[in-house]
Structures are given as structure tokens and as C-alpha cells.
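Here is the structure we will look at, set down as C-alpha cells.
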Amino acid sequence: MGESIPEQQAIAETIALLEYYGFELNGQTAAATIEQWCAHSPVAWVRLAVLEALYRGRYKKISVTAILRVWQRWEKPQVQFNREFESLICAELPTKVAPTPPAQSRPEASIASALPSPSLGIATFSPPPELANSDAYQKLKAIATQPDTKKP
């Protein structure tokens, strides 16, 4: 939360969050949606707003937009989740991010360069040992790895 991550990584992780958790994006791609949000908010805020929406159980573009608007009025992000939640949610995300190039001035260029490349393999994050052994992590992992029986 307080830890700063490179912009490219934040964009790639936000795209992965939106896609992995199936956010309703009104027919837009995750990259186009992030580009819209970044026109009015810093990339770091967008990532935190997506995590906040996940924490609140609100998997919609409009929910993230509303969170960002409130933060803009307050002039700072105000999250309700803790670092453990953030680590648990992000630990299992696939990553397809190439090494981070120097920062670019336009969010659109950063977003385009953070999109998955077909030549890159998919790797997963491993949680730190203190999280891997926590009850909360084990419960979330069990839920995430259960087969989906609701599909026809």
C-alpha cells in the first residue's frame, strides 16, 4: 500500500487484476479502461482503487471510477484493506511484464507497453513464507483452486 512499485508493473498488475477477477468493463478492454482512469488519476491510485473495489466486493468499472472520484475530492487515496489482503490478492496473479523501461510521460504509451507479449511466458508470484503459512492465505488459495462447477 505505502510501497511504491514501478509504473509499468502497476499497469500490468492492474490489467491482470481486472481480467483475473472478471471486472465488468462495459465492453472495453482492461487497457482502455485503465487509460481512461489514468487520464484523471495517477497509475498508483488506479491500482489501489481496483484493489479497494475487490476488497468491497464491487467488480465493476463504475465502482472503481466512484472510488477514484472520492479520492480526488480528498486529494489522496484512502483504502480500507490492509497489506495482507493486498499480498494475498496479488500473490497468485500471472505476470507477463517485461523488464521496466524508463518512465514514459504518456499513460497510453505505458499501458500499451505493459500489455502481454505472446513471446513471454507466464510466471506466478510466490507469497512470502509468512503469508504462505497464514490461515487466510490457505483459505483463499483453496477457494481459488476449486474447480468451477457452475459452468454448463
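Reckoned from all heavy atoms, side chains included, excluding hydrogens, waters and symmetry mates.
The salt bridge (Lys or Arg N to Asp or Glu O under 4.0 Å) check on Arg58 picks up nothing, with sequence neighbours excluded. For Tyr59, the side-chain contact (heavy atoms from CB on, under 4.5 Å) criterion is met by Tyr21, Phe23, Leu54, not counting sequence neighbours. Listed by chain and number, the residues in a side-chain contact (heavy atoms from CB on, under 4.5 Å) with Ala49 are Val64, Ile67, Leu68, Trp71 (sequence neighbours excluded). Taking Phe85 as the reference, Tyr55, Phe81 meet the ring-ring contact (aromatic ring centres under 6.0 Å, His included) condition, with sequence neighbours excluded. Residues meeting the side-chain contact (heavy atoms from CB on, under 4.5 Å) test with Gln28, sequence neighbours left out: Ala32, Thr33, Gln36, Lys61. Residues that satisfy the side chain to side chain donor-acceptor pair (under 3.5 Å) test with Trp37, not counting sequence neighbours, are Thr65. Partners of Glu75 under the side-chain contact (heavy atoms from CB on, under 4.5 Å) rule, at least two apart in sequence or in another chain, do not exist in this structure. For Gln72, the side chain to side chain donor-acceptor pair (under 3.5 Å) partners at least two apart in sequence or on another chain are Ser41.
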Derivation and outcome, side-chain contact (heavy atoms from CB on, under 4.5 Å), residues Leu51 and Val79: CA-CA 9 Å; Leu51 287 166; Val79 298; over 6 Å; no
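Distance CZ/Arg69 to CD1/Ile62: 7.5 Å, rounded to 0.5 Å. For the atom pair CD1 (Ile15) and CG (Leu93), the distance works out to 12.0 Å, reported to the nearest 0.5 Å. If you take CZ on Arg83 and CG on Leu88, they are separated by 12.5 Å, rounding to the nearest 0.5 Å.
Two residues are said to be in side-chain contact when any heavy atoms from C-beta on lie closer than 4.5 Å; Glu86 and Arg47 meet this criterion. By the 4.5 Å heavy-atom criterion applied to side chains, Glu13 and Cys90 are counted as neighbours.
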